[in-house]
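Heads up, the thing below is written out as structure tokens.
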Amino acid sequence: DVHIRAAGNEVTLTVSDLENSFQVHIPADIQEHGEVCLPFADLFQFVSTCKDLAIDIEADANQKANVSGLKLQGHNPEEFPILPELANMKAIDFSPLLFHELIVAAAFLGNDDLRPEMSGANISKRDGLLTIAATDSHRLYKAEICPYDDEFDIIINGMAVRQVPKVFDTTTNVTVQFNESNAVFEQPGIRLISRLIDGKYPNINAVIPKDNPIQATFNKA
């Protein structure tokens, strides 16, 4: 389902798979405050055919909804998954470079149930540099972003790594907040709450020779 909440002068849409929760705020003309959960697939298929037309949603106490003429049976919004409490969050403002790095890192994620930490991408401070890494134990991707002083070490789950570049505006900065359990990617009006992978990421510096005498330089073409 998609949880729809109308309050103030905006509609808030929320979807969740328990590991990742995506939320977007849309300005709207609210006639009456309320909330309802509607089947996502049916609603998406209908809205996709409306293009630029306005959408009206009405729902009664029995969660029966009328979406611009489409009748849908909704569900009790109180049964929708509760979003995690976000306390003691640290934050960093990333440039659009983060989206590019996550797109590349997604191609290097592992898929080993015995080592779940390798199914995500690691963002951490290594040797005084903010670093993004991903590995499937056969291939390793490491990108050094910029000098960084504060401690930073989180493992973003694979779903978030793949979805963040798709759902955010990749031309502007994105704020990343995190605590021991969750990471929040946020731009004005939109945020993705993602459960972090609990574990110790492999020591990627140990497999990269620091003084390798063998080097090759190729013409880019």
Side-chain angles (χ1 to χ4, degrees), residues 2-3 5 10 12-26 80-111 115-136 139-205:
V2 53
H3 179 280
R5 180 175 183 267
E10 66 180 18
T12 301
L13 306 179
T14 306
V15 292
S16 176
D17 66 358
L18 301 182
E19 293 289 329
N20 301 280
S21 300
F22 179 67
Q23 194 170 66
V24 60
H25 302 276
I26 304 173
F80 193 80
I82 299 175
L83 298 183
E85 293 185 8
L86 304 174
N88 302 319
M89 304 290 283
K90 298 180 180 179
I92 180 173
D93 198 36
F94 279 90
S95 75
L97 177 63
L98 177 67
F99 300 114
H100 168 75
E101 298 300 347
L102 291 181
I103 290 172
V104 178
F108 292 81
L109 300 181
N111 188 25
R115 304 186 68 183
E117 64 276 4
M118 297 178 67
S119 66
N122 178 233
I123 306 179
S124 63
K125 172 190 173 185
R126 295 178 184 271
D127 298 330
L129 296 170
L130 192 61
T131 303
I132 296 180
T135 181
D136 59 5
R139 303 171 304 143
L140 167 66
Y141 177 71
K142 175 186 176 185
E144 296 174 339
I145 306 280
C146 63
Y148 196 70
D149 295 328
D150 297 336
E151 291 303 316
F152 198 107
D153 197 340
I154 58 177
I155 305 177
I156 306 296
N157 69 60
M159 175 66 78
V161 172
R162 297 183 180 92
Q163 293 302 320
V164 164
K166 295 181 180 179
V167 300
F168 287 92
D169 179 358
T170 58
T171 64
T172 62
N173 288 9
V174 58
T175 299
V176 180
Q177 302 180 66
F178 70 97
N179 56 19
E180 294 182 353
S181 304
N182 297 282
V184 181
F185 299 83
E186 192 165 17
Q187 288 177 344
I190 182 173
R191 68 174 181 166
L192 175 69
I193 304 172
S194 177
R195 182 178 298 174
L196 297 174
I197 295 177
D198 185 21
K200 183 73 173 177
Y201 205 73
N203 183 6
I204 60 175
N205 288 340

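Starting from 1, each residue takes its place in the sequence as its number.
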Got a sec, which residues hit side chain to side chain donor-acceptor pair (under 3.5 Å) with [X], two or more places apart in sequence or on another chain?
| X | value |
| --- | --- |
| Tyr201 | none |
| Asn179 | none |
| Asn20 | Asn157, Ser194 |
| Thr131 | none |

### Query
Where the side chain of Gln187 meets the backbone of Phe168, is there a donor-acceptor pair that is under 3.5 Å apart?
no

Is any side-chain heavy atom of [Y] closer than 4.5 Å to one of [X]?
| X | Y | result |
| --- | --- | --- |
| Leu129 | Ile145 | no |
| Phe22 | Leu13 | no |
| Lys125 | Asp150 | no |
| Leu196 | Ile155 | no |

Holding to side-chain contact (heavy atoms from CB on, under 4.5 Å), I want the full list of residues that pass it with [X], two or more places apart in sequence or in another chain.
| X | result |
| --- | --- |
| Asn205 | Arg126, Asp127, Lys142, Asn203 |
| Asn111 | none |
| Ser119 | Ile197 |

#### Entry: Ile193, Val174, Val167 screened by side chain to side chain contact (heavy atoms under 4.5 Å, CB included) with Phe185, the one that passes
Val174

### Task
Mind checking ring pair (Phe, Tyr, Trp, His ring centres under 6.0 Å) for Phe152 and listing every partner two or more places apart, or none if nothing turns up?
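Ring pair (Phe, Tyr, Trp, His ring centres under 6.0 Å) check on Phe152 returns Phe178.
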
### Task
Just jot down the ring pair (Phe, Tyr, Trp, His ring centres under 6.0 Å) partners of Tyr141, sequence neighbours excluded, or say none.
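So Tyr141 forms a ring pair (Phe, Tyr, Trp, His ring centres under 6.0 Å) with Phe108.
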
Quick one: side chains of residues 158-166, donor-acceptor pairs under 3.5 Å with protein atoms, not counting sequence neighbours, listed by atom name and distance.
residue: Arg162; atom: NH1; partner: Gly158; partner atom: O; Å: 3.4

### Query
Which residue pairs satisfy the salt bridge (charged side-chain N to carboxylate O under 4.0 Å, His left out) criterion with at least one member in residues 179-202, sequence neighbours excluded?
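Residue pairs passing salt bridge (charged side-chain N to carboxylate O under 4.0 Å, His left out), neighbours aside: Glu19-Arg195.
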
### Message
Does Asp17, at its CG atom, have more than 12 non-hydrogen atoms belonging to other residues, nucleotides or ligands within less than 6.0 Å?
### Response
yes

Exercise: identify the closest heavy-atom pair between [X] and [Y]:
| X | Y | answer |
| --- | --- | --- |
| Leu109 | Ala121 | CD2-N, 3.9 Å |
| Asp136 | Gly110 | CB-CA, 3.6 Å |
| Ala143 | Glu101 | CB-OE1, 3.2 Å |

Side-chain donor-acceptor distances from residues 89-100 under 3.5 Å, at least two apart:
residue: Asp93; atom: OD1; partner: Thr175; partner atom: OG1; Å: 3.2
residue: Asp93; atom: OD2; partner: Asn173; partner atom: ND2; Å: 3.1
residue: Ser95; atom: OG; partner: Leu97; partner atom: N; Å: 3.2

### Message
Return the OG to CG distance between Ser21 and Leu192, rounded to the nearest 0.5 Å.
### Response
8.0 Å

